[in-house]
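Comments concern the structure below.
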Amino acid sequence: MSKSRKSSGKRRAKTRRAKPGARGRGGFFHIQVRPKSDFDFFRNQDVGTRGGLERVAGRRANGTWDTQKWLIGKSEAHRAGKRLEPDTAAARKVLKQLGSVPRHLGGDRFIAKPHRNIPEGAKPTPAMRRAQLTNIKKAQAAVRKRRRKRA
């Protein structure tokens, strides 16, 4: 037989779950780069040593992946007023590649623009040139492989 429970008359107030980093008690600072609503699926990627820097990558409906936010460990950076100050070279590099200075939202949460705007006069950048050369080498290797199969 099941026992019936008596209610005490007091009802629990429904509280919403706090967003990650909203209360400021976690181990990471959250720097949102793109809105969460742009993505369907998320994956964390450790950058460098474990627990220091993490990239939260999101997959869009069309299948492309992009950075949704950065997680910077509290051992890698600290808050100075409303600013986030890096303590290590890795954190400095992540903050430098953002498109704007991270703006404090509350708790451990910050928001920034995705990446800095590169003027057309500075293109192709050295990274773009390296990527072009590797792609050309891959294409040449594929052509050589096809020609060897025919012969």
Side-chain angles (χ1 to χ4, degrees), residues 10-149:
K10 290 183 183 177
R11 291 209 169 221
R12 279 179 126 182
K14 286 191 177 185
T15 57
R16 277 198 174 150
R17 177 182 170 272
K19 285 187 177 182
R23 293 198 173 131
R25 296 187 211 138
F28 291 94
F29 291 110
H30 299 246
I31 303 172
Q32 181 186 328
V33 179
R34 291 178 181 86
K36 196 174 182 178
S37 59
D38 288 359
F39 305 100
D40 296 335
F41 182 77
F42 298 94
R43 175 166 287 154
N44 279 31
Q45 294 178 320
D46 265 330
V47 178
T49 58
R50 189 167 178 236
L53 294 172
E54 289 186 21
R55 172 182 173 254
V56 177
R59 194 181 69 174
R60 291 191 174 91
N62 66 3
T64 60
W65 287 84
D66 220 336
T67 302
Q68 192 264 326
K69 70 177 171 180
W70 286 96
L71 301 174
I72 298 180
K74 290 191 175 178
S75 61
E76 305 272 327
H78 66 277
R79 227 179 88 197
K82 294 213 174 245
R83 289 193 342 241
L84 189 64
E85 295 290 328
D87 294 334
T88 63
R92 201 170 296 116
K93 184 179 176 184
V94 168
L95 293 175
K96 189 177 178 183
Q97 78 182 15
L98 294 172
S100 66
V101 177
R103 192 181 77 222
H104 187 242
L105 294 176
D108 291 337
R109 296 174 61 230
F110 292 82
I111 191 166
K113 290 182 181 166
H115 49 77
R116 67 192 194 316
N117 185 26
I118 300 169
E120 288 300 315
K123 290 178 183 174
T125 63
M128 288 175 171
R129 283 196 201 103
R130 281 193 303 273
Q132 287 169 347
L133 288 173
T134 55
N135 288 339
I136 289 168
K137 286 177 183 175
K138 283 180 188 176
Q140 289 171 341
V143 168
R144 273 190 239 111
K145 190 175 177 182
R146 252 186 273 129
R147 284 184 182 161
R148 271 189 252 131
K149 281 187 178 179

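Only this structure's heavy atoms are used, side chains among them; waters, hydrogens and symmetry mates stay out.
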Does CZ belonging to Arg129 count more than 12 external heavy atoms closer than 6.0 Å? yes
If we only count heavy atoms from C-beta on, is the Asp66 to Phe39 side-chain gap below 4.5 Å? yes
Sole candidate of Gln32, Arg34, Arg55, Gln45 that passes side-chain hydrogen bond (donor to acceptor under 3.5 Å, both in side chains) when paired with Thr67: Arg55
Any side-chain heavy-atom pair of Asp108 and Phe28 under 4.5 Å: no
Residues, nucleotides or ligands: over 12 heavy atoms within 6.0 Å of Arg60 CZ: yes
Residues, nucleotides or ligands: over 12 heavy atoms within 6.0 Å of Arg83 CZ: no
Would you indicate whether Lys138, at its atom NZ, is surrounded by more than 12 heavy atoms from other residues, nucleotides or ligands within a distance under 6.0 Å? no
Kindly indicate whether the side chain of Arg79, heavy atoms from C-beta on, has any atom under 4.5 Å from the side chain of Phe110. yes
Has Lys74 got more than 12 heavy atoms of other residues, nucleotides or ligands less than 6.0 Å from its NZ? yes
Drop me the distance from Asp87's CG to Arg92's CZ, to the nearest 0.5 angstrom. 8.0 Å
Pair Arg146-Lys149, side chain to side chain contact (heavy atoms under 4.5 Å, CB included): steps then yes or no: CA-CA 5 Å; Arg146 252 186 273 129; Lys149 281 187 178 179; 5.8 Å; no
Are the side chains of Val143 and Gln140 in contact, using a 4.5 Å heavy-atom criterion? no
